[in-house]
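Just the heavy atoms: all of them, side chains too, but no hydrogens, waters or symmetry mates, feed the values below. Lettering follows sequence order; numbering is per chain, from 1.
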Amino acid sequence: MHNIKDIRNNPNFFKDTLKKRFLEIDLKKILELDENNRKLIQEKENLEKEKKEISKSKNKELFEKSKSISKKIGELENKQKETKVKLENILSSIPNLPMDDVPIGKDENSNLEISKSGSVPKFDFKPKSHYELGENLNMLDFDLATKTTGSRFVFVKDKLALLERAVSNFMIDTHVNQNGYQEISPPLIASDSTMYGTGQLPKFENDQFEIKFDDKNDRKFLIPTAEVILTNMGRDKIFQLNELPLRVVASTPCFRKEAGSYGKDTKGMIRQHQFYKVELVSIVEPEKCLDELDRMTGCATKILDLLKLPYKKIVLSSGDMGFSAEKTFDIEVWLPSENKYREISSCSSCGSFQARRMKSRYKNKKNEISFVGTLNGSGLAVGRTLIAILENYQQSDGSIIIPDVLKPYMSNLDKITKK
RNA sequence: GGAAGGAUGGCUGAGCGGUUGAAAGCACCGGUCUUGAAAACCGGCAAAGGGGCAACUCUUUCCUGGGUUCGAAUCCCAGUCCUUCCGCCA
C-alpha cells in the first residue's frame with residue numbers, strides 16, 4: 001500500500017515509476033477521490049467542533065440545534081467513508097514501485113544475470129528428468145496422487161521422503177546456526193486480514209485456497225508461502241529498536257492454485273499445488289532493506305554452495321517482480337534434463353509497502369514511530385531442491401548419490417538405489 | 001459445545017455519564033548532580049487524520065459495529081478476540 005500523501009505530493013513520479021511495471025493508473029480519479037475525501041473531512045470537523053461547544057456550554061436552548069448537527073454529521077460521515085473506501089480499493093491494488101536499479105522490462109526476458117556459481121555436471125549418458133528417476137526408483141508416484149487427490153500432487157516415498165526431510169532440516173539448521181535466524185513453526189492457515197497484509201488479497205484471491213472454517217463470516221486461507229504468516233508476526237505492532245532486525249525461518253507446506261499456469265510444467269513436481277519451502281523473513285529498519293536483501297540472498301545461495309549445486313543469481317526486471325516487491329533476486333539452479341536453470345529461490349525487499357498494509361511499525365533513533373521494512377526469501381524451495389539433487393547427482397544406473405552435507409541427516413546413507 | 005470474567009497509551013494498570021486524551025508505575029528522551037556511569041532529583045513523552053511555509057491549530061480514537069443522550073472509555077444491543085473452569089478430542 002502506498003501513502004496517499006506521497007502520491008499527492010508527487011503524482012507524476014508515481015505515474016512514471018509505475019510505467020516501469022507497464023501499468024497505467026487512473027491518477028486523476030485517485031487525486032479526485034483524495035480531494036473529495038479531505039473536503040468531507042473538513043466539513044465534518046467543523047460541525048463536530050460546533051457540536052462539542054454546545055455540549056460543553058450545557059446551554060439547554062441549543063440542545064435542539066445540536067441534534068440537527070448530529071444528523072448532518074452522520075450524513076457527511078457516510079459520504080466520507082464511502083469515498084475513502086473507494087480510494088482504498090484503488091490504492092490497495094497498486095503494486096510496489098521498483099527501485100531505481102531494477103532493470104526495466106515486461107517479463108522474464110529482461111531479467112539480468114548477476115553471477116554464476118558452481119560447475120555444471122558433465123554426463124557420459126543422457127541425464128534423466130527427476131520424474132523418470134523418481135518413478136524408476138519407485139519413490140515418486142504421481143498416479144497415486146492423482147487417484148487420491150487430483151493433478152499436480154505427488155507421493156514421495158521411501159528414501160526420497162527421507163531425502164526431502166533431510167533437505168528441509170539441513171536448510172533450517174544452517175539458517176539457525178550459521179545465519180542468525182530464529183526457527184518458527186507457524187500456523188498454515190491465515191485470516192483474510194493477514195492475507196491482505198502481505199498483498200495476497202484483494203488482488204490475487206484466485207491463486208489462493210480458501211477453506212471452509214466455520215459458519216461465521218471471517219475467511220481463512222491455506223498459506224501460499226510462509227512469508228504470509230511470518231511477515232504478519234509484526235502486524236499491528238510497534239517494535240522497539242533493539243528488537244530489530246527480526247530474522248525468522250520456517251519450513252512449511254505451501255498451497256497454491258497456480259491459476260493461469262495451465263499447461264506449464266505439467267509433468268513432474270516442478271509446479272505443484274502443495275510443496276515444502278523453507279522461508280526466510282526479515283523485519284528491519286527500512287533504510288537497511290537493501291543490505292538485508294543482499295544478506296538474505298547470500299544465506300540462500302550458501303545452501304546451494306554447500307549442496308554443491310550449480311546456480312545463477314539474477315535480478316528480476318520491473319515487469320517480472322511480484323506485487324509487493326521493490327527489488328527481487330531470483331536464484332536459479334541447474335537442471336540437467338532441461339539443460340537450463342530453473343528458479344529455486346526468490347528473495348525480495350518490500351520496503352515499507354507491506355508494513356503500511358499491516359501497520360507494522362517501530363520506534364526509530366529519534367523516538368519517532370515509522371513503518372518497518374520487510375523482506376522475504378526462499379531458502380530454499382524444498383521440492384525443487386529435491387529435483388535438483390536427483391538430476392545433478394544421478395548416476396548412469398539411475399541411482400542418486402547423496403550430497404555430503406546431507407548424509408548426517410540420512411543415517412550416513414551415501415546413495416539411493418532401486419530396491 | 002456449556003459457564004464465568006476481561007479487552008484502556010510502547011508495556012503494566014486506574015477510571016465506570018460532563019475540561020478524562022485519559023491517574024499512577026515502568027520504559028523512553030532532555031537536564032541537575034558525578035571524573036564517567038549508576039542512583040537520586042527536575043522536566044518532557046499517545047496515535048491517526050485534516051488545515052498552515054511555519055510557529056501552530058482542529059477533529060477523531062479507551063477491541064469492532066450499532067443504539068440511548070445536548071454530552072459516552074463510562075449506560076444498552078450485536079460481534080470479534082483473550083483468560084479461567086467444565087465437556088469432547090489429536
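A:K365 comes within 4.0 angstrom of nothing in the nucleic acid, heavy atoms only. Heavy atoms of A:S55 sit under 4.0 angstrom from at least one base atom. Note on A:I238: only backbone sugar-phosphate atoms sit closer than 4.0 angstrom, heavy atoms only; bases stay farther off. Within 4.0 Å (heavy atoms only), A:K71 reaches no atom of the nucleic acid at all.
One finds the OG atom of A:S92 at 7.0 Å from the CZ atom of A:F323 (value rounded to the nearest 0.5 Å).
Atom CG of A:L40 is separated from atom P of B:G49 by 17 Å (rounded to the nearest Å). The separation between A:K56 atom NZ and B:G17 atom P is 20 Å, rounded to whole Å. A:K81 has its NZ atom 11 Å from the P atom of B:U61, to the nearest Å. The distance between atom CD of A:E88 and atom P of B:A48, rounded to the nearest whole Å, is 15 Å. With rounding to whole Å, A:R235 atom CZ is found 13 Å from B:C63 atom C1'. At whole-Å resolution of the value, CD1 in A:I54 and C1' in B:G18 are 15 Å apart. B:C11 atom C1' lies 10 Å from atom NZ of A:K237, rounded to whole Å. Rounded to whole angstrom, the span from the CG atom of A:N242 across to the C1' atom of B:C11 amounts to 13 Å.
Remark: the separation of the P atoms in B:A55 and B:U74 is 35 Å, to the nearest Å. Remark: the separation of the P atoms in B:U80 and B:G44 is 44 Å, to the nearest Å. Distance noted for atom P between B:A38 and B:A24: 25 Å (whole Å). The gap from the P atom of B:A37 to that of B:C29 amounts to 13 Å, rounded to the nearest Å. Rounded to the nearest Å, the gap between the P atom of B:A90 and that of B:C76 is 42 Å. When the C1' atom is used for both B:U84 and B:A46, the distance is 32 Å, rounded to whole Å. Spacing between B:A73 and B:G15 at atom C1', rounded to whole Å, works out to 8 Å. Separation of the P atoms belonging to B:A7 and B:C16 is 14 Å when rounded to the nearest angstrom.
Mapped onto RNA chain B by nearest heavy atom, A:S66 and A:Q240 fall at different nucleotides, with A:Q240 at the one closer to the 5' end. Checking A:Q42 against A:R361, the closest nucleotide of RNA chain B that is more toward the 5' end is the one next to A:R361.
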Secondary structure of RNA chain B per the Watson-Crick/G-U criterion (both distances under 3.5 Å; [ ] crossing, | other strand, . unpaired) is ((((((((.[[[..)..(.....]]].(((((.......))))).((((((....)))))).[[[[[..)....]]]]])))))))....
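Between A:E50 and A:K65, at least one side-chain N (NZ, or NE/NH1/NH2) sits under 4.0 Å from a carboxylate O, which counts as a salt bridge. With respect to the salt-bridge test (charged N to carboxylate O, under 4.0 angstrom), the residues A:E292 and A:R247 qualify. A salt bridge links A:D34 to A:R38: one of the charged nitrogens lies within less than 4.0 Å of a carboxylate oxygen.
Side-chain N/O atoms of A:R38 include none lying less than 4.0 angstrom from OP1 or OP2 on B:G49. At the phosphate of B:G71, OP1 or OP2 sits under 4.0 Å from a side-chain N or O atom of A:S70. OP1 or OP2 of B:G50 has at least one side-chain nitrogen or oxygen of A:K5 nearer than 4.0 Å. Remark: A:K51 is in phosphate contact with B:G71, judged by side-chain N or O atoms under 4.0 Å from OP1 or OP2.
Under a cut-off of 6.0 angstrom, the local environment of CD in A:E243 is crowded, with over 12 non-hydrogen atoms contributed by other residues, nucleotides or ligands.
Listed nucleotides: B:G50, B:A48, B:G18. Nearest to the side chain of A:R8: B:G50.
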Exercise. Carefully, step by step, assess A:E227 and A:Q354 under the rule side-chain hydrogen bond (donor to acceptor under 3.5 Å, both in side chains).
Key: CA-CA 11 Å; A:E227 168 205 342; A:Q354 292 179 325; 2.9 Å; yes
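Relative ring orientation between A:F170 and A:Y409 is described as perpendicular, the plane-to-plane angle rising above 60° on a 0-90° scale split at 30° and 60°.
Residues forming a side-chain hydrogen bond (donor to acceptor under 3.5 Å, both in side chains) with A:N392 (at least two apart in sequence, or on another chain): none.
For the pair A:K237 and A:F239, the cation sits on the ring face: its NZ or CZ lies under 6.0 Å from the ring centre, inside 45° of the axis.
Annotation: A:H2 is in aromatic contact with A:F353 [ring centroid separation under 6.0 Å].
Within the 3.5 Å criterion, the main-chain N or O of A:V228 finds no donor-acceptor partner in the side chain of A:T231.
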Can you name the atoms? Protein N/O to nucleotides 58-60 of chain B N/O, anything below 3.5 Å, with the distance.
{"unit_1": "B:U59", "atom_1": "O3'", "unit_2": "A:E48", "atom_2": "OE1", "d": "3.3"}
{"unit_1": "B:U59", "atom_1": "O2'", "unit_2": "A:E48", "atom_2": "OE1", "d": "2.5"}
{"unit_1": "B:U60", "atom_1": "OP2", "unit_2": "A:K52", "atom_2": "NZ", "d": "3.3"}

